[in-house]
Amino acid sequence: MANMYSKGTKRKFFDSVDAAMDNKAVLYSRQRQSLLDMSLIKLQLCHMLVEPNMCRSVLIANTVRHIQEEMTHDGSWQLVTEAFGGSGPSDHLVATEVLCRSSALEQQGGGPKLYSVMGYDGCREEEVVTDEALCSVTFSDGAPALLGTIDHCWDRAELRMVAVEDRVIKDSGSEVESGEGAKTVMGQVFGTFEIKNGAPGSDPALEELFSAVDASYYDLDTMLTSIQSTPKMGPYNLLDSMASSHGPTSNSSCRTDLSELDHIMEIIVGS
Amino acid sequence: VRHEKGCKTQDSADIISTVEFNHSGELLATGDKGGRVVIFQQELESKNQPQCRGEYNVYSTFQSHEPEFDYLKSLEIEEKINKIRWLPQKNAAQFLLSTNDKTIKLWKISERDKRPEGYNLKEEDGRYRDPTTVTTLRVPVFQPMDLMVEASPRRVFANAHTYHINSISVNSDCETYLSADDLRINLWNLEITDRSFNIVDIKPVNMEELTEVITAAEFHPNQCNTFVYSSSKGTIRLCDMRASALCDQHSKLFEEPEDPSNRSFFSEIISSISDVKFSHSGRYMMTRDYLSVKIWDLNMESRPVETYQVHEYLRSKLCSLYENDCIFDKFECCWNGNDSVVMTGSYNNFFRMFDRGYRQDVTLEASRESSKPRSVLKPRKVCTGGKRKKDEISVDSLDFNKKILHTAWHPQDNIIAVATTNNLYIFQDKL
């Protein structure tokens, strides 16, 4: 990084290398997202068929989980880079060299490690040069700005999760012991999209936020009546305390809004 | 590896889903998606045509399974025959097990070439005679008749599998057999249909934790206490039924460490084992995963002793094959009679043979165009890159709808049965 400020010619070299690495990282993320979209569609199609092949469903679900774990690990789970403007997942299916071959990083570093899209941790120059797979792939859209559309992506990912969870909840209500198989496999798959999955690498801020939640807060009665006899340490209390560093205080004015938010969060998280 | 000679093709309206020679090789059974079983019989060697061993002709056809409806789950149960396994012959009749996703049936196939004639109270057409017209008594005698082959269901083994049955295997004791579904393996006595013993159960308490399923299972050919089962994660477990009633603890675990240079998001999928077969000797077993065939020595769990690449050129196409679901195709594999050659199918109606002794392999094609009767099969080659030679096929021209999933090898002779989607090809070695 220090070399960026040296002579003009040298700076140019590093700039182009950095740009190339950016492109590759973006491309890899796009490919990975495309694979994730494809896998989710396959699982949803499973859901509609009569009795889907369990081996296939399990393998697809495992693939989804691997992608999710990697995306969580490199921080891009909340930062989904893809071509935008409402294009469907199938539009992203480009040449598959990137995903079908391991990245050169893995060959030299041991564990699976991704180009970090936020920074340059773990990237090494020589790997950029030797990984022909990434170089040979082209795609029609221009590489989107890396950091520009965080909110947009997050909304889209969140919407997808909610829609899917609704279906799972409907199914689990009518589930009988004999209704095992693909439905619960799907339940497992969609369960892994929980934000607070307890897996290492999940968002520490969120974990802290929900760590002190009293389970009784989610009692239906409590939420419906919005009345609590004694002030309990709920998430909105934590928010207040984090903001003002005061002790826990009851705050009835925003209690209704926050209870609705918690209800939505409960659906997403799948209590 | 010798060239083969095309001998017989048989059209079938339905997709062939399983192919199996019986223990003598005289009979060849096929099952199809419509629940039918068609059995071919080898003709006795003809003195007129010494070059050719007997041809296989249709011997018997019967409807083994019908579509059913599971009212509890509101799901249809397909009648497709997943597997057929012959029992060793003990008397004049032949027995085979056929299974769909849920129910196994034991079929008796018997011949009738005589019928009794000369009853006292019945006419030849079955009408009863007036007893007052009977003046003499005679003993009915058996007279020859046209050969009739009858198939009758002798046992129905039902309601033991929650998940889809993928394998059945007859024990060497000829009294028991196993049936395996995605999560469980059951042990049956051939005589008893209302009870089976569960010997393997990998169902997790919480189905949301399910990450691995059973893909195939087989009894050892000689040791009646030993069986193996393979998984979707590329492992094979060998179990000894003497150790405990529930064989959840394996005696041996066969698994090859992953090659880190080949790791991708598809690594697990292509490591999933689609078939496992013991060698006739019982010393080795063969597994088929998406891209390769592996031979394992039962005494060494750490890695296979031989690995053969079936269609390595597909490794760079895995994403497309995932998209069109071909990556989930379950190819079977088989040994020849003396365990020196193994065979498996591929795409474009290609099938591959690997000679373990001579370290040679060949790609052949099962199609009408390339195998006129009495012609010699020509080896095929897939061009993986660069200049395509004459007669080579480029990877991008392969037809992935033409897949050979099921193959079988005669237990003694060099006769093979290869099933394309709708057709069965039988090839014989040139004598």
Side-chain angles (χ1 to χ4, degrees), chain A residues 31-32 34-36 38-39 41-42 45 49-67 70 90 93-104 106-112 133 175-192 270, chain B residues 69-78 101-102 162-164 166 181-183 203-204 206-216 230-233 258-274 290 314-325 327-330:
Chain A
Q31 299 287 341
R32 186 177 58 182
S34 166
L35 183 63
L36 180 64
M38 200 196 323
S39 304
I41 289 173
K42 281 182 184 295
L45 283 174
L49 289 176
V50 170
E51 191 156 44
N53 183 311
M54 182 183 276
C55 184
R56 177 178 174 275
S57 303
V58 167
L59 289 172
I60 297 173
N62 289 351
T63 306
V64 167
R65 196 179 315 110
H66 290 146
I67 296 173
E70 194 178 276
S90 56
L93 289 173
V94 295
T96 62
E97 289 282 321
V98 176
L99 285 174
C100 293
R101 287 163 54 178
S102 65
S103 72
E106 292 182 30
Q107 286 169 356
Q108 300 190 25
E175 202 169 75
V176 180
E177 200 274 336
S178 60
E180 306 161 304
K183 282 183 188 166
T184 46
V185 170
M186 245 86 59
Q188 172 210 14
V189 169
F190 299 128
T192 64
Chain B
F69 196 77
D70 182 336
Y71 292 97
L72 196 60
K73 295 196 225 179
S74 291
L75 293 171
E76 241 199 38
I77 300 171
E78 278 190 304
D101 283 338
K102 297 287 186 180
T162 307
Y163 306 102
H164 289 178
N166 51 58
D181 66 28
D182 295 309
L183 297 178
K203 177 175 180 290
N206 185 358
M207 279 295 276
E208 293 186 355
E209 290 162 8
L210 178 66
T211 58
E212 192 174 9
V213 299
I214 297 169
T215 52
S230 59
S231 84
S232 56
K233 286 198 171 170
E258 193 186 352
D259 178 5
S261 66
N262 271 335
R263 196 175 345 174
S264 73
F265 283 119
F266 305 107
S267 294
E268 184 182 314
I269 298 178
I270 63 169
S271 76
S272 174
I273 292 172
S274 51
Y290 190 63
L314 295 183
R315 193 179 289 274
S316 58
K317 311 279 178 196
L318 291 178
C319 199
S320 308
L321 295 164
Y322 178 74
E323 189 191 357
N324 63 17
D325 265 13
I327 206 173
F328 301 108
D329 286 336
K330 292 197 188 304

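Throughout, protein chains are lettered first and strands after them, A, B, ... in sequence-line order, and every chain is numbered starting at 1. Not measured: the values here are computed from a predicted model.
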One thing to verify: whether A:E70 and A:R32 come together as a salt bridge, which I'm taking to mean a side-chain N less than 4.0 angstrom from a carboxylate O.
yes

A side-chain contact here means heavy atoms from C-beta on lying under 4.5 Å apart; do A:S39 and B:Y322 qualify?
yes

Inter-residue atom distance B:H164.NE2 - A:N53.CG, 0.5 Å rounding
8.0 Å

Okay, B:D325 and chain A: the region with an atom under 4.5 Å from a heavy atom over there is both

Less than 4.5 Å to any heavy atom of chain A: does that hold for the side chain of B:E212, its backbone, both, or neither?
backbone

Against chain A, label B:L183 side chain, backbone, both or neither, depending on which of its atoms sit under 4.5 Å from a heavy atom there.
side chain

Check whether B:S232 gets within reach of chain A through its side chain, its backbone, both or neither, counting any heavy atom under 4.5 Å.
both

Side chain to side chain, B:R315 and B:N262, heavy atoms closer than 4.5 Å
yes

Report yes or no: is the cationic atom of B:K330 (NZ for Lys, CZ for Arg) closer than 6.0 Å to the six-membered ring centre of B:Y290, at no more than 45° off its axis?
no

Select, from B:K233, B:E78, B:E268, the one with the greatest count of heavy-atom pairs under 4.5 Å involving chain A.
B:E268

